[in-house]
Student: 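One structure is given below, represented as structure tokens, and several questions about it will come after.
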Amino acid sequence: MSQTSGFPLSRAGHARALLSLGLPLVGGHVAQFAVGATDTLMLGWYGVPELAAGVLGSTYFFVFFILGAGFAWAVMPMVAAESGSGEDPTQIRRVTRMGLWLSTLYAAIAMPVMIWSEPLLRALGQDPDTAVMAAHYLGIAGWALFPALATMVLRSYLAALERTQVVLWATVAGAAVNALGNWVLIFGRFGLPEMGVRGAALSSVLVQVVMFGVLIVYALRVFPQHTLLARIWRPDWQAFGAVFRLGWPIGLTNVAEVGMFSASAVMVGWLGAVPLAAHGIALQVATAGFMVHMGLSNAATIRAGNALGRKDVFGLRRGAGVAIVMSLAFACATIVVLVAMPEALVELFLAPDEPARAQIVALGVVLIFLAAAFQVVDGAQVVVVGLLRGVQDTRVPMVIAGVSYLGIGLPSGYVAGFVLGWGAPGVWVGLIVGLACAALFLSRRFWGRVLASLVRQVESGARLPQGALGQAPLPASGPETPRTIL
């Protein structure tokens, strides 16, 4: 959301800039989705019990992953704002390195709930056999938290510096490794033992290691001035605190949304393996379209952060409108696809000789129709969240997410699914309600409060500090934080 040669960008200019930055990010998210979709697809071919366990295990893993990813997401607007302001690159290094610190510390804290997950899954009312297999998955896949969260930090750092192509290609490489790893390890090819869900978990760990390796090598070679790993063991408490303060609300916002979807998987799991398998398939299909909105959201975060760094509030407003319209257009296209071919989409994930195939397809088609119903609000809420993060406004959105997803959406799903007796479709009605509330409340926050406040500050001649709505910028490095240490 910038200006060129002193003239404000037109809406077409904003659209081109968003697409230039966002398309590789969209591709990266789609490739990341392909990693999960491949797990679902191949476990579905392997067997429905394994598919149900994989859905449950990956859902459990993702809740903890997305909470820790808040620190990585915090790196993106902070680096974008520093890049937009053209200030000392030392600040970029400080933020990114402490993002790596926080992500690693979080992964270490979260590992026990991965290793000893079976009692927790049983306590959530899951089928004992499914819980055992899911625990086997998590005992291996949990170790992927370390490289996965570090990879997220590097993706945010590179994307904020507009190096999105490498994010795309690293994720594509990871998706290819995962597909091959799943085929070899799940089914036992090339003389290796047949590992089932354990094979899917091991493949996931390998994927994250590969992606981290590609991105860290690229970052060190392309931005040697940032010296990301030099004296990385030395703490920088100011930057640590700044990333933590911005990141923990992002993590909890993510958990609120993902928690609603994860809790929906738990509730559907109470109904049995067949409904859980249909739920997992329909959610994978819906997630494919969501990845495009996520890429647009990332691009909006970066562009909004750049605009904030340059104090270009009017460009921020115009660019935000363009991002919302682009998301709406894609949501409409997605609805057409989902409504036109629901059976074919579900059948992709099932072996032709699967005994429960007809039951899963029938329920999956209903769930995909419901997924079509929430496309517009799902896209709107994630793009607006990206805009709010770009101006470093994270705490009120956290509250909005908690109320919308956990306070409204989740209870609505329980009531519709179990009190009214609608089963899995009723649980999905709760998803629609939660996403619609979030889209409405977040949009009011951005357009009615945050953006209006920034415009008033500019029109009144007040100084607009970087991070005006989130936190103060980091102090410049000085004698107490010399560059040789930071």
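Hydrogens, waters and symmetry mates are skipped; everything else that's a heavy atom, side chains included, is used.
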Student: Please check if the number of heavy atoms outside Trp270 that lie under 6.0 Å from its CH2 is greater than 12.
Tutor: yes
Student: Side-chain contact test, heavy atoms from C-beta onward, threshold under 4.5 Å: evaluate it for Leu435 versus Phe261 and give yes or no.
Tutor: yes
Student: For the residue pair His293 and Phe290, categorise the inter-ring angle as parallel (less than 30°), tilted (30 to 60°) or perpendicular (more than 60°).
Tutor: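 Ring orientation, 0 to 90° scale: tilted.
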Student: State, yes or no, whether a side-chain contact exists between Met211 and Leu154 at a heavy-atom distance under 4.5 Å.
Tutor: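 Not in contact.
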Student: Flag the pair Pro235 / Phe240 as yes when at least one side-chain heavy-atom distance between them is below 4.5 Å, and no otherwise.
Tutor: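 Not in contact.
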Student: Within the structure provided, determine whether Val255 and Ile66 are in side-chain contact (heavy-atom separation under 4.5 Å).
Tutor: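 When only atoms from C-beta onward are counted, Ile66 and Val255 do touch, with a gap below 4.5 Å.
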Student: Please state whether the rings of Phe223 and Tyr157 are parallel, tilted or perpendicular, taking 30° and 60° as the class boundaries.
Tutor: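 Plane angle over 60°, so perpendicular.
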Student: Which class fits the ring pair Phe64 and Tyr60: parallel under 30°, tilted 30 to 60°, perpendicular over 60°?
Tutor: tilted
Student: If we only count heavy atoms from C-beta on, is the Thr253 to Thr394 side-chain gap below 4.5 Å?
Tutor: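 Answer no - side chains too far apart.
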Student: Could you check if a side-chain atom of Ile250 sits within less than 4.5 angstrom of a side-chain atom of Arg389, using non-hydrogen atoms only?
Tutor: yes
Student: Answer yes or no: does atom CZ of Phe418 have more than 12 heavy-atom neighbours from other residues, nucleotides or ligands under 6.0 Å?
Tutor: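 Yes - once you tally the heavy atoms of other residues, nucleotides and ligands closer than 6.0 Å, there are more than 12.
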Student: Decide yes or no for Pro275 and Leu363: does some side-chain heavy atom of the first lie under 4.5 Å from some side-chain heavy atom of the second?
Tutor: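 Pro275 vs Leu363: side chains touch.
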Student: Using the side chain to side chain contact (heavy atoms under 4.5 Å, CB included) rule, take Val75 and Met98 through it: C-alpha gap first, then chi angles, then the decisive distance, then the call.
Tutor: CA-CA 9 Å; Val75 168; Met98 289 304 100; over 6 Å; no
Student: Does some side-chain heavy atom of Val427 sit less than 4.5 Å from a side-chain heavy atom of His279?
Tutor: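 No, their side chains stay 4.5 Å or more apart.
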Student: Nearest 0.5 angstrom please: Arg395 CZ to Arg245 CZ, how far?
Tutor: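 So the CZ of Arg395 and the CZ of Arg245 are separated by 8.0 Å.
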Student: For the pair Arg97 and Asp236, evaluate side chain to side chain contact (heavy atoms under 4.5 Å, CB included) and give the outcome as yes or no after the intermediate values.
Tutor: CA-CA 9 Å; Arg97 285 169 45 160; Asp236 176 0; over 6 Å; no
Student: Aromatic rings Phe65 and Phe61: how do their planes relate, parallel, tilted or perpendicular, breaks at 30° and 60°?
Tutor: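 Answer is parallel, since the angle falls under 30°.
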Student: Would you find more than 12 non-hydrogen atoms of other residues, nucleotides or ligands less than 6.0 Å from Trp143 atom CH2?
Tutor: no
Student: Checking the side chain of Ser203 only, and the main-chain atoms of Gly199 only, is there a donor and an acceptor separated by less than 3.5 Å?
Tutor: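 No, because the side chain of Ser203 does not come within donor-acceptor range (under 3.5 Å) of the backbone of Gly199.
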Student: Roughly how far apart are Leu387 CG and Leu296 CG, rounded to 0.5 Å?
Tutor: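 Leu387 CG to Leu296 CG: 10.5 Å, rounded to 0.5 Å.
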Student: Please walk me through it: do Phe374 and Trp428 pass side chain to side chain contact (heavy atoms under 4.5 Å, CB included)?
Tutor: CA-CA 10 Å; Phe374 65 59; Trp428 277 57; 4.0 Å; yes
Student: Dump the intermediate steps for side chain to side chain contact (heavy atoms under 4.5 Å, CB included) on Ser204 and Tyr137, then the final yes or no.
Tutor: CA-CA 10 Å; Ser204 297; Tyr137 174 92; 4.0 Å; yes
Student: Test your reading of the model: is there a side-chain donor-acceptor pair from Ser412 to the backbone of Gly430, 3.5 Å cut-off?
Tutor: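 Flag not set: sc Ser412 to bb Gly430 has no pair under 3.5 Å.
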Student: Measure the CG-CG distance between Leu442 and Asp393 for me, rounded to the nearest 0.5 Å.
Tutor: 9.5 Å
Student: Compare every heavy atom of Ala135 with every heavy atom of Leu121, then report the nearest pair and how far apart it is.
Tutor: CD1-N, 4.2 Å
Student: With Leu67, which of Val258, Asn254, Leu252 fulfils side-chain contact (heavy atoms from CB on, under 4.5 Å)?
Tutor: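 Going through the options one by one, the only one that passes is Leu252.
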Student: Which atoms form the tightest heavy-atom contact between Ala72 and Ser156, and what is the distance?
Tutor: O-OG, 2.9 Å
